[in-house]
Amino acid sequence: MTTGAALLRDLPPRVLSWYAAARRDLPWRRTRSPYRIWLAEAMLQQTRVGTVIPYYARFLKRFPTLAALAEAPLDDVLAVWAGLGYYARARSLHAAAREVVRKHKGRVPRGLADLLALPGVGRYTAGAIRSIAFNLPAPILDGNVTRVLCRLVGIEANPKASATQKRLWSLAEELVPEGHARDFNQAMMELGAVVCTPKAPACGTCPASDLCEAFRLGLQGALPRMPAWKPVPHYDVGLGLVWRRRKLLIAKRPPNAMLGGLWEFPGGKREGAEPLAETVRREIKEELGLDVAVGELFVSVKHAYSHFRVTLHAFHCQCPRGRPRPVRADAVKWVRVEDLSRYPFPTGSLKVIRKLRALCLTER
Ligand code: SF4
């Protein structure tokens, strides 16, 4: 019997009974609401379970239904999402909720084509909604399932290559047992998250070790073979804490830019060996048409995005006169430090805001 045939026959019942006994009790596993399951899947992309749990609870408290999310302004949605990162997920979810209300009378569709037509919904999210919410026999392939399948079958090719992806998707599809898609797909993700982990798979406790090609060959630590790691670029960014009458100037990023719709302190990337204070002065002039006097450095904080890292250097600036014009921003506002929490900021800026709050408390 081939590995594939043994897997198709034996894997689903093994993984299902292991999951029944070992599954973690997570908030999104206590519901069958397609909206709540969809939200969890959106939040869990690139983000750890422990980080997501409090955000998930806060988000549902503020937007308990898809209709409530669709009715809310995007600013409110981004404010609740602030700190979780990958803000395109929040923007897409909000746009998709509006689309579901408009086109599907507020009911999340079950059909693959209808789901794929929604903003931000790809094959993975559609598969998760169809299988976990509706128990339809739809495959899912995330990082955890990819790792488990590559090891079980002994796939040595780059898992991100399109031919491998095609092979993995068809295998995932063949494996889903009729009538048990909900639990089987979650079981495969759970197996990857807690047993078949990237660095030290616990093969001794794995319900599928006797079916696993990587375990048989002693390759479990080597598979999947990921493409060579590329160094991540780093940028220095100068920000201006522009003060006027105890208020700070903030600017809203254009909707189509990275972190679109979020607020930030004005500034930008350092050019060459330019002094950082000059970066701040130049960027604020270009972005808002405003002349500022750059003072002392307040704080430098580091932040990592998916494809690059930044160090944000925030300088106190004075600007007694002049009206900021949002040349390269969507809007500008003067706000008090205690009111900054009303605006959605990206995670790097939130680190600066925490320091500002601490400064204001010590000055009181
Ligand atoms: Fe992963 Fe080891 Fe189980 Fe194979 S036997 S699926 S490598 S945990």
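Each ligand, and each atom within it, is numbered from 1 in the order the structure gives. As a basis for the values below, the full set of heavy atoms in this structure was taken, side chains included, without hydrogen atoms, waters or symmetry mates.
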Self-check item: Under the side-chain contact (heavy atoms from CB on, under 4.5 Å) test, residues paired with Arg216 that sit two or more places apart
Solution: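 For Arg216, the residues satisfying side-chain contact (heavy atoms from CB on, under 4.5 Å) (neighbours in sequence not counted) are Glu213.
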
Self-check item: Short N-O contact, Asp76 and Arg62, less than 4.0 angstrom
Solution: yes

Exercise. Report the distance from atom CD of Glu41 to atom CD1 of Ile140, rounding to the nearest 0.5 Å.
Key: 6.5 Å

Practice problem: Would you kindly say whether Asp236 and His313 are connected by a side-chain donor-acceptor distance under 3.5 Å? | Solution: yes

Quiz item: Can the positive tip of Arg123 be found less than 6.0 Å from the middle of the six-membered ring of Trp169, inside 45° of the ring normal?
Solution: yes

Quiz prompt | Arg58 charged N/C atom sitting above Tyr55 aromatic ring, 6.0 Å / 45° | solution =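 Output yes; distance and angle both within limits.
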
Quiz item: atom 2 (Fe) of ligand 1: which protein N, O or S atoms are under 2.8 Å away?
Solution: Cys203 SG

